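Below is one structure; the comments refer to it alone.
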Amino acid sequence: MNSLKIRRTAIAVTAAALLPLSLAACSDSGGDTKAAPSAASGDEAKTGGATPSGDSMTGDQPFGAACAGVPKEGAGSFDGMAKDPVATAASNNPALSTLVTAVKQAGLVDTLNNAKDLTVFAPTNDAFAKIPKADLDKVLADKATLTKILTYHVVGQKLTPQQLENGSFETLQKGMVTTTGSGEAYKVNDTSNVVCGNVKTANANVYIVDTVLMPK
């Protein structure tokens, strides 16, 4: 009888001793289960943070063979031009000096600099050189005609390359220009090639072209 009582007491003591250990083990196991989702959530958060960063990278950069001639630094560089309104930005680009002279002659500097959301098809010096000198001098001396020609190169909205693929746009001169192309090859009025496109200034998108556009 005493032996039976001793055995029951020993079992009870053993059970009492093991119970806290079992509970502790369960508690630890539960803690591990809860920790795993927490780590996974952290990984998901990191992944989620990385994806928008990748998506935010765009190809919205200047393009075209003539872009190589744009200064790498200073006010005439792409970064420099982006900080200035369009007439000022053009004045800092050596390839556009004839255009800048014409804009000043026509009294359009303030008009272009103060306007918002423009697209300018900017003829290079070589584009103006295609015009016989006598004819160019005559145009430069005729402010009304010069203004008509220059404002024909300006559209009152910022155009993206995608919009140039097959477009027709009213100019500040009130005439229409048409654009065609894709990728990095675009034409204006089927005669003038974009040689450096998608150049940003503070108030305009500029597409440098190799031929002066003439109003129809």
Side-chain angles (χ1 to χ4, degrees), residues 50-100 102-103 112-113 115-131 149-216:
T51 302
S53 175
D55 291 343
S56 67
M57 297 296 289
T58 67
D60 194 23
Q61 301 294 324
F63 62 84
C67 291
V70 174
K72 303 300 181 186
E73 299 178 345
S77 66
F78 292 128
D79 287 342
M81 292 178 72
K83 298 173 184 177
D84 291 323
V86 65
T88 301
S91 71
N92 293 319
N93 188 317
L96 302 177
S97 59
T98 305
L99 173 63
V100 171
V103 168
L112 294 176
N113 275 349
K116 293 182 179 180
D117 297 335
L118 300 177
T119 291
V120 177
F121 296 103
T124 61
N125 295 343
D126 289 342
F128 281 101
K130 293 179 181 180
I131 303 172
I149 292 172
L150 292 176
T151 53
Y152 183 66
H153 289 74
V154 184
V155 174
Q157 59 177 306
K158 286 185 178 181
L159 301 177
T160 66
Q162 289 72 27
Q163 288 175 286
L164 300 187
E165 291 180 359
N166 185 20
S168 181
F169 310 99
E170 184 178 14
T171 68
L172 296 191
Q173 181 266 340
K174 300 303 182 184
M176 302 296 292
V177 293
T178 59
T179 58
T180 56
S182 62
E184 297 186 358
Y186 296 91
K187 280 184 175 290
V188 186
N189 287 355
D190 292 325
T191 59
S192 190
N193 297 296
V194 174
V195 293
C196 182
N198 207 29
V199 178
K200 302 296 174 56
T201 74
N203 67 329
N205 288 349
V206 177
Y207 294 88
I208 299 174
V209 295
D210 67 356
T211 304
V212 176
L213 307 173
M214 291 297 179
K216 298 176 182 180

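Since the model is a prediction, treat every value here as computed from it, not as a measurement. All residue numbers in this chain count up from 1 along the given sequence.
With contacts defined as side-chain heavy-atom distances shorter than 4.5 Å, the pair Phe121/Val155 qualifies. Side-chain contact between Leu213 and Val188 is present, with heavy atoms from C-beta onward closer than 4.5 Å. Between Leu150 and Leu99 the shortest side-chain heavy-atom distance falls below 4.5 Å. Under the 4.5 Å side-chain criterion, counting only non-hydrogen atoms from C-beta, Val154 is not in contact with Thr171. For the pair Val194/Ile208, no side-chain contact is recorded, criterion being any heavy-atom separation below 4.5 Å from C-beta on.
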Enumerate, atom names and distances included, each donor-acceptor pair closer than 3.5 Å involving a side-chain atom of residues 71-82, sequence neighbours excluded.
{"residue": "Ser77", "atom": "OG", "partner": "Gly74", "partner atom": "O", "Å": "2.6"}
{"residue": "Ser77", "atom": "OG", "partner": "Gly80", "partner atom": "N", "Å": "3.1"}

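Taking all atoms of both residues into account, the shortest heavy-atom contact from Ala90 to Leu96 is O-CB, 3.9 Å. Residue Asn92 comes nearest to Thr88 through the heavy atom pair ND2-O, 3.3 Å, listed as atom of the first residue, atom of the second, then distance. Between Ser168 and Thr178, the closest heavy-atom pair is OG-CG2, 4.1 Å. Contact record, Ile131 with Val212: CD1-CG2, 3.9 Å, taken as the closest heavy-atom pair. When all heavy atoms are compared, the tightest approach of Phe169 to Gln163 is CZ-O, 3.3 Å.
Contacts of Lys116 classified as side-chain contact (heavy atoms from CB on, under 4.5 Å), with partners at least two apart in sequence or in another chain: none. Among residues two or more places apart in sequence or in another chain, the side-chain hydrogen bond (donor to acceptor under 3.5 Å, both in side chains) test is passed with Lys130 by Thr211. In this structure Lys216 satisfies the side-chain contact (heavy atoms from CB on, under 4.5 Å) test together with Tyr152, Asn189, sequence neighbours excluded. Scanning for side-chain contact (heavy atoms from CB on, under 4.5 Å) contacts around Ala66 gives Val195, Cys196, with sequence neighbours left out.
Listed by first and then second residue, the salt bridge (charged side-chain N to carboxylate O under 4.0 Å, His left out) pairs involving residues 184-203 are Asp60-Lys200 (not counting sequence neighbours).
In this structure a side-chain-to-backbone donor-acceptor pair under 3.5 Å is missing from Asp210 to Ala127. For the pair Asn205 (side chain) and Lys158 (backbone), a donor-acceptor distance under 3.5 Å is absent. Looking only at distances, no side-chain donor or acceptor of Tyr207 sits under 3.5 Å from a matching main-chain atom of Leu164. Thr119 places a side-chain N or O within donor-acceptor distance of the main-chain N or O of Gln157, the cut-off being under 3.5 Å. Asn113 places a side-chain N or O within donor-acceptor distance of the main-chain N or O of Ala87, the cut-off being under 3.5 Å.
Looking at Asn125 and Thr98, their side chains do bring a donor and an acceptor atom within 3.5 Å of each other.
With Val120 as the fixed residue, the side-chain contact (heavy atoms from CB on, under 4.5 Å) test singles out one of Val199, Val86, Val103: Val86.
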### Query
Asn198 and Gln61: side chain to side chain contact (heavy atoms under 4.5 Å, CB included), yes or no, with the steps?
CA-CA 6 Å; Asn198 207 29; Gln61 301 294 324; 5.8 Å; no
